[in-house]
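Below: the structure, in C-alpha cells.
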Amino acid sequence: MRLADRMFRIGTESAFEVLDKARALERAGRHVILLEIGEPDFPTPRHIVDAGARALDEGWTKYGPTGGLPELREAIARYVARTRTVAVGPDNVCVVPGGKPIMFFIMLALLEPGDEVIHPDPSFPIYESVIRFLGATPVSVPLLESRGFSFDLGTLRDRLSNRTKLVILNSPANPTGGVISRDDLGQIAETLRDRDVMVLSDEIYSRIWYDVEPSSIASVEGMLEKTIILDGFSKTYAMTGWRLGYGVMPQWLARAVNLLTVNSNSCTASFTQRAGLAAIEGPQDQVGEMVAEFRRRRDAIVSGLNQVPGFRCASPQGAFYVFPNVSGSGMSCESLADLLLGEAGVACLGGTAFGAHGQGYLRFSYANSLENIREAVERIHRLSKHWAG
Ligand SMILES: Cc1ncc(COP(=O)(O)O)c(C=O)c1O
C-alpha cells in the first residue's frame with residue numbers, strides 16, 4: 001500500500017527532530033541546554049489553570065459548538081476589536097485547537113493547485129509545507145537583516161502575479177523576532193488593496209514585543225475584508241499544551257473554516273475554552289512579567305552572542321528568538337548547529353530549517369533561564385576556537 005501522493009509533498013518542523021537528538025544526548029549522560037524549542041518556559045498562570053480545573057469539575061467535558069463557545073468568541077471579538085481597532089464580532093471568530101489549525105484550514109479553504117502563495121523566507125516551516133501539500137506554489141520573499149528582517153517591498157511587488165491568492169505575513173516573527181513596521185504595513189496594504197488576494201496575518205506573538213507595539217495589517221483601511229488574523233493562547237499565556245487558538249476573518253471564510261472543523265476535530269475542548277476565557281478576561285500582569293523577563297534574556301543573549309567571533313546578532317523587537325548572522329564563522333549553519341549540539345551541548349536550529357534564505361544564521365529561542373542562557377553563550381564562546389582563525 002502506498003501513501004497518497006500529497007504525503008510526499010508535506011514537510012515538518014525540524015525543531016522536534018533536534019529536540020529528539022538533544023534528549024538522546026541527555027540520556028547518554030550529557031548536559032544539554034535547550035535553546036531550540038518555541039514555547040515559553042513559564043507555567044500557565046494560576047488563575048487560568050484554576051479556571052480549567054473548575055470547568056472540568058463543572059462538567060465542561062462534552063462537545064461544544066463547532067466554532068467555539070459563544071462567550072469565548074464574544075470575548076475574542078471584543079479583544080481583537082480593541083487591540084486592532086477593527087469592527088469585528090463573534091461571527092468573525094473561529095476557535096480551534098491552537099494557532100496551527102487556522103493556518104491549515106485557511107489554506108485548505110482557499111487554495112487550488114497552481115495558486116501562488118507569497119510567504120516570508122525564513123519563516124515558520126509549516127507555511128511552505130501546507131502550501132506544497134495542497135499542490136499550490138510557494139513564492140518566497142526574502143527577509144532582510146538590514147531592514148530589521150522585513151521584506152524588501154520592491155521584491156514583494158515583483159513576486160506578485162495574477163495567480164497570487166494568498167500573502168502570508170508574520171509579525172512579530174518566528175524565527176527572526178522581526179516586527180513589520182507600521183509604515184511597511186501601509187505600503188504592503190497599498191500594494192494589495194486592489195488585488196483579489198487574501199492576507200494571512202500570523203500574529204501569534206502579538207503580545208511579546210519590546211519597544212514598539214506591533215500593528216496589524218487588518219487595521220489598515222480597506223484590509224479587514226481581505227485579512228485573516230491568526231492568534232491564540234499558546235505563547236501569550238504559556239498555554240502551548242492546552243491547544244487553543246483562533247482566527248478572525250470575514251464571515252464567508254469563517255463558515256468555510258467551521259465546515260472544516262466539523263469534518264476534522266468537531267470542536268475545541270470545552271474546558272480548555274473556559275480556561276481561555278479566564279485568560280483573556282482575567283488579570284494580564286503575568287503577561288507583562290513574562291515579557292519583562294524575556295527582555296532581560298534577550299539583552300543577555302544578544303550581547304553575549306555579539307562577543308562570539310564570527311557572530312553578529314541584531315536585537316529583535318518581538319517574540320522570543322534571536323537570529324544571529326553566523327556567516328563569519330565560515331561554516332554552514334547546519335554544520336555549526338550540529339557542532340554546537342555535539343561539542344557544546346547547546347541545542348539550536350540552523351536558519352535553513354526556516355527556508356533557504358536562513359543560510360548563514362542560527363535560531364536560538366531564549367525561552368530558558370538567564371542562568372542557562374549565560375552558560376550556553378559561554379560554551380559557544382569556548383568552542384569558537386574551532387572556527388575563529
Ligand atoms: C509563527 C507561528 N505561528 C503559529 C504557531 C503555532 O502556534 P500553536 O502552538 O498555537 O499552534 C507557532 C508556533 O511555534 C509559530 O511560531
Side-chain angles (χ1 to χ4, degrees), residues 11-19 34-42 44 48 68 72 76 93-107 117 119-131 140 143 149-150 166-180 199-209 214 216-217 228-248 257 260-261 264-265 268-269 272-273 275-276 279-280 294 316-323 348-349 351 353-355 358 363-367:
T12 186
E13 244 188 286
S14 51
F16 291 102
E17 287 162 26
V18 174
L19 185 62
L34 301 174
L35 300 182
E36 89 296 356
I37 203 74
E39 68 178 346
D41 54 316
F42 303 95
T44 305
I48 301 175
L72 181 61
I76 291 170
V93 177
C94 299
V95 175
V96 288
K100 258 185 188 168
I102 289 296
M103 232 172 258
F104 194 62
F105 290 166
I106 287 298
M107 291 200 251
V117 182
H119 68 94
D121 180 359
S123 65
F124 193 51
I126 300 304
Y127 305 144
E128 189 175 339
S129 167
V130 178
I131 298 166
S140 74
L143 297 180
F149 294 109
S150 235
L166 183 68
V167 174
I168 300 177
L169 303 178
N170 175 215
S171 173
N174 179 7
T176 64
V179 170
I180 308 177
V199 178
L200 173 61
S201 182
D202 184 340
E203 302 177 13
I204 197 91
Y205 297 100
S206 59
R207 296 281 290 278
I208 305 175
W209 54 272
S216 170
I217 195 159
I228 303 100
I229 296 173
L230 178 162
D231 203 341
F233 296 76
S234 301
K235 318 283 177 177
T236 303
Y237 301 105
M239 289 177 74
T240 45
W242 293 76
R243 307 313 299 137
L244 187 62
Y246 56 86
V248 179
V257 166
L260 290 167
T261 298
S264 51
N265 45 276
T268 304
T272 294
Q273 294 189 64
I280 206 163
F294 277 144
Q317 287 305 306
F320 41 76
Y321 308 107
V322 283
F323 203 61
C348 66
L349 296 176
F354 303 91
R363 188 196 79 170
F364 294 91
S365 153
Y366 47 90

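Atoms within a ligand are numbered from 1 in the order they appear, just like the ligands themselves.
- N170 and Y205 are not linked by any side-chain donor-acceptor pair at a separation below 3.5 angstrom, with hydrogens and angles left out of the test.
- Between E13 and K100 a salt bridge is recorded (basic side-chain N to carboxylate O distance below 4.0 Å).
- Ring to ring, Y237 and F42 are not that close: their centroids are 6.0 angstrom or more apart.
- If you check the side chains of S171 and E203, you find no donor sitting under 3.5 Å from an acceptor.
- Annotation: Y321 is not in aromatic contact with Y366 [ring centroid separation under 6.0 Å not met].
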Ligand 1 polar-atom proximity to protein (N/O, under 3.5 Å):
unit_1, atom_1, unit_2, atom_2, d
ligand 1, 3 (N), D202, OD1, 3.4
ligand 1, 3 (N), D202, OD2, 2.6
ligand 1, 9 (O), S234, OG, 3.3
ligand 1, 9 (O), R243, NH1, 3.1
ligand 1, 10 (O), G99, N, 2.8
ligand 1, 10 (O), S234, OG, 2.6
ligand 1, 11 (O), G99, N, 3.0
ligand 1, 11 (O), K100, N, 3.0
ligand 1, 11 (O), R243, NH2, 2.9
ligand 1, 14 (O), K235, NZ, 2.7
ligand 1, 16 (O), N174, ND2, 2.8
ligand 1, 16 (O), Y205, OH, 2.7

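- Judged as a side chain to side chain donor-acceptor pair (under 3.5 Å), and not counting sequence neighbours, the contacts of T44 are W242.
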